[in-house]
Amino acid sequence: MKAQGTVHKYGDHIDTDVIIPARYLATQDEKELASHCMEDIDTSFVKKVQPGDIMVGGWNFGCGSSREHAPIAIKASGISCVIAKTFARIFYRNAINIGLAILECPAASDGIDDGDQVSVDFATGVITNLTKGTTFQAEPFPPFIQEMIEKGGLMASIKG
């Protein structure tokens with residue numbers, strides 16, 4: 001499984017309340033959540049994100065609450081993968097549960113800029129910055145987790 005897209009880059013400690021503000025948590029509708037993704041930190045995100053794009057963050061991405069709304073909003077917005085230096089543990093698990101691909105790679109986070117074109121090979125963990133011609137190595141997920149992500153999340157994998 002591979003992904004390729006334009007990067008939307010954010011900093012350290014991106015909180016789940018920044019990813020999807022609490023005022024929108026009354027809904028479970030993925031399209032509605034996506035329409036408000038990142039709006040408190042980047043009002044243009046929902047207008048510029050395209051299917052397959054990649055989000056890059058810094059340290060402790062997804063800190064804050066344990067709700068699944070945050071990775072759902074990111075995935076439903078069209079983001080194919082989130083790369084960060086580190087993830088909050090509950091965000092990490094929620095992302096896998098709902099089928100959002102995530103990779104921890106501090107060097108990639110430092111070496112990728114907003115607007116760069118990036119490709120990711122999930123089987124090998126290789127992240128390629130096509131804009132700069134550089135590559136980075138993340139730890140790939142084991143095959144069973146790659147299958148869960150490819151099928152769209154834990155429940156889809158169990159049913160599939």
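Numbers here are sequence positions counted from 1. Since we're looking at a predicted model, the values are computed, not measured.
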Just checking, is any N or O donor in the side chain of Thr6 or Gln117 under 3.5 Å from an acceptor N or O on the other one?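 Checked: Thr6/Gln117 side chains pair up, N/O donor to acceptor below 3.5 Å.
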Is a side-chain donor-acceptor pair under 3.5 Å present for Glu104 with Tyr92?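 Absent: no donor and acceptor within the cut-off.
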Can the ring centres of Phe91 and Phe61 be said to be less than 6.0 Å apart?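 Phe91 vs Phe61: aromatic centres under 6.0 Å.
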Hey, does the side chain of [X] reach the backbone of [Y] with a donor-acceptor pair shorter than 3.5 angstrom?
{"X": "Asp53", "Y": "Val7", "value": "no"}
{"X": "Thr27", "Y": "Asp29", "value": "yes"}
{"X": "Ser80", "Y": "Gly52", "value": "yes"}
{"X": "Asn94", "Y": "Pro71", "value": "no"}

Close side-chain approach of [X] and [Y], heavy atoms under 4.5 Å:
{"X": "Pro140", "Y": "Thr124", "result": "no"}
{"X": "Glu68", "Y": "Asn97", "result": "yes"}
{"X": "Ile54", "Y": "Ile83", "result": "yes"}
{"X": "Ile20", "Y": "Leu25", "result": "yes"}
{"X": "Ile14", "Y": "Cys63", "result": "no"}
{"X": "Phe136", "Y": "Val126", "result": "no"}
{"X": "Phe45", "Y": "Tyr10", "result": "yes"}
{"X": "Gln28", "Y": "His69", "result": "yes"}

Please say whether more than 12 non-hydrogen atoms of neighbouring residues, nucleotides or ligands are located less than 6.0 Å from NZ in Lys2.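 12 or below, so no.
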Going hydrophobic residue to hydrophobic residue with side-chain gaps under 4.5 angstrom, can you get from [X] over to [Y]?
{"X": "Ile90", "Y": "Ile98", "value": "no"}
{"X": "Met38", "Y": "Trp59", "value": "no"}
{"X": "Val120", "Y": "Met1", "value": "yes"}
{"X": "Val46", "Y": "Ile41", "value": "yes"}

Distance-minimising heavy-atom pair for [X] and [Y]:
{"X": "Ser109", "Y": "Ala84", "result": "CB-C, 4.4 Å"}
{"X": "Gly58", "Y": "Asp12", "result": "CA-OD1, 3.2 Å"}
{"X": "Ala76", "Y": "Glu30", "result": "CB-O, 3.5 Å"}
{"X": "Glu39", "Y": "Tyr24", "result": "OE2-OH, 2.5 Å"}
{"X": "Asp114", "Y": "Lys9", "result": "OD1-N, 2.9 Å"}
{"X": "Pro21", "Y": "Val18", "result": "CD-O, 4.3 Å"}

Could you state the interatomic distance from [atom1] ([X]) to [atom2] ([Y]), rounded to the nearest 0.5 Å?
{"X": "Ile149", "Y": "Cys81", "atom1": "CD1", "atom2": "SG", "answer": "8.5 Å"}
{"X": "Arg23", "Y": "His36", "atom1": "CZ", "atom2": "NE2", "answer": "8.5 Å"}
{"X": "Thr134", "Y": "Ile112", "atom1": "OG1", "atom2": "CD1", "answer": "7.0 Å"}
{"X": "Leu33", "Y": "Ile74", "atom1": "CG", "atom2": "CD1", "answer": "11.0 Å"}
{"X": "Asn60", "Y": "Thr86", "atom1": "CG", "atom2": "OG1", "answer": "5.5 Å"}
{"X": "Asp15", "Y": "Asp40", "atom1": "CG", "atom2": "CG", "answer": "10.5 Å"}

Test Leu130 against Val118 for side-chain contact (heavy atoms from CB on, under 4.5 Å), laying out the working first. CA-CA 5 Å; Leu130 302 169; Val118 169; over 6 Å; no
Under the criterion side-chain contact (heavy atoms from CB on, under 4.5 Å), which of Leu103, Val56, Thr135 is the partner of Ile127?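 When Leu103, Val56, Thr135 are each tested with Ile127, the side-chain contact (heavy atoms from CB on, under 4.5 Å) holds only for Leu103.
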Answer yes or no: is there an ion pair linking Asp42 with Lys48, defined by an N-O contact shorter than 4.0 Å?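 Counted as a salt bridge, because a side-chain N and a carboxylate O are separated by less than 4.0 Å.
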Salt bridge check: are Lys132 and Asp113 linked by an N-O gap of less than 4.0 Å?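 Salt bridge present between Lys132 and Asp113.
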